[in-house]
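This structure is a prediction, so every number in the text was calculated from the model and none was measured.
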Amino acid sequence: ESALMKLVRYHEPGQGAQIGVMNGDAIFNVTEQVPSISAWLQRSVGRVHQEIDALAQLIRARLPAYQAEQLHHRPAPGVPHWLPPIDEQDVWAAGVTYERSREARQEEAQDGGDVYARVYAAERPELFFKAHGRAVVGHLDSVGIRKDSAWNVPEPELGVVFNPALEAVGFTVGNDMSSRDIEGANPLYLPQAKVYRRSCALGSAITLTPADHWKLTTIRLQIARGDETVFAGEVHTGRIRRTLRELADFLGRSQDFPHGVVLLTGTGVVPPADFTLAAGDVVTITIDEVSSLTNTVEVV
């Protein structure tokens, strides 16, 4: 039972942000006992399994507050809706962890992309800051493409949720939006290509699975424009070149994450070079046995 449990945040009209435990399609409000994701992650240090079991006990005798479909609304104050499943956590990201990503970066780089070939094979991975928790958007909200960029893509990624001790407590779905022409012009432009309004989406839940290894699963990306699917692709997480512990080790070096941290683990699904997102496109990322994330694209 507890293996399938998910931790969620959602907006309740008149109440604001609530914490829920999702079991199947039923969402149980545990805000009184778990006031924030941050509080739960701090509590889980050294006792991840026990805290997941405690959540299972917590919901045993109560009635669900919502069924999942009741939260399927675009965010607005007057309707219940999904919030990103984090609060005080920062989101970091790993780059060039899949061979396809290395190839894509080299294709777009105006200088031939030698830095990407080198980092793919190097001992030290590429890690970069992606977003403050407060800037992350959730399921059914909008993601942004930069108005000064002509080549924008979503990057569907498996997100690992760590507590402050960098113990992995579970997984989520991430979209690491990227301006390929900006990074391609010069790798030093990476923060501008990656960090801007609505550039990071997570959703809709944290699937609670303590882990020292990748969840072996399939990441699927679909991009719809009107009634037409303009791109679809998938990749298996077994193709990630780095280990989960290796990335966690480098992430934690000379760094503290008092509220926990989410690490997006790279993309292995890259649309063709002639594809760019347009306003109104709908991006859907599904990771089997984890969660799904749908966002509409807007220009920011």
More than 12 heavy atoms of other residues, nucleotides or ligands under 6.0 Å from [atom1] of [X]: is that the case?
{"X": "R43", "atom1": "CZ", "value": "yes"}
{"X": "R124", "atom1": "CZ", "value": "no"}
{"X": "F129", "atom1": "CZ", "value": "yes"}
{"X": "R225", "atom1": "CZ", "value": "yes"}

Just do the side chain to side chain contact (heavy atoms under 4.5 Å, CB included) check on N152 and M177 with the steps written out, would you? CA-CA 8 Å; N152 296 282; M177 295 286 289; 5.6 Å; no

For the pair F231 and F275, name the ring-plane relationship: parallel under 30°, tilted 30 to 60°, perpendicular over 60°. tilted

So, [X] and [Y]: side-chain donor and acceptor under 3.5 Å apart, yes or no?
{"X": "T229", "Y": "Q222", "result": "yes"}
{"X": "T284", "Y": "T294", "result": "yes"}
{"X": "S291", "Y": "S204", "result": "yes"}
{"X": "S292", "Y": "R220", "result": "no"}
{"X": "D181", "Y": "S149", "result": "yes"}

Applying the 4.5 Å side-chain criterion to the ILVMFWY set and letting contacts propagate, would M22 and I206 be lumped into a single cluster? no

Output, in order, the C-alpha distance, side-chain angles, deciding distance and verdict of side chain to side chain contact (heavy atoms under 4.5 Å, CB included) for V21 and L58. CA-CA 9 Å; V21 172; L58 206 52; 5.8 Å; no

So, for [X] and [Y], which heavy atoms are closest and what is the spacing to 0.1 Å?
{"X": "A121", "Y": "R241", "result": "O-NH2, 3.7 Å"}
{"X": "S142", "Y": "R198", "result": "O-NH1, 3.0 Å"}
{"X": "P85", "Y": "L7", "result": "CB-O, 4.2 Å"}

Walk me through it: do F128 and D176 pass the test side chain to side chain contact (heavy atoms under 4.5 Å, CB included)? CA-CA 11 Å; F128 58 90; D176 168 19; 3.8 Å; yes

Expected list for residues 64-73: side-chain donor-acceptor pairs under 3.5 angstrom, two or more places apart:
residue: Q70; atom: OE1; partner: Q67; partner atom: N; Å: 2.7
residue: H72; atom: ND1; partner: W82; partner atom: NE1; Å: 3.0
residue: H73; atom: NE2; partner: Q70; partner atom: O; Å: 3.4

Going by side chain to side chain contact (heavy atoms under 4.5 Å, CB included), K215 matches just one of D288, L244, V290. Which one? V290

Side chains of Y98 and V270, heavy atoms from C-beta outward: is any pair under 4.5 Å? no

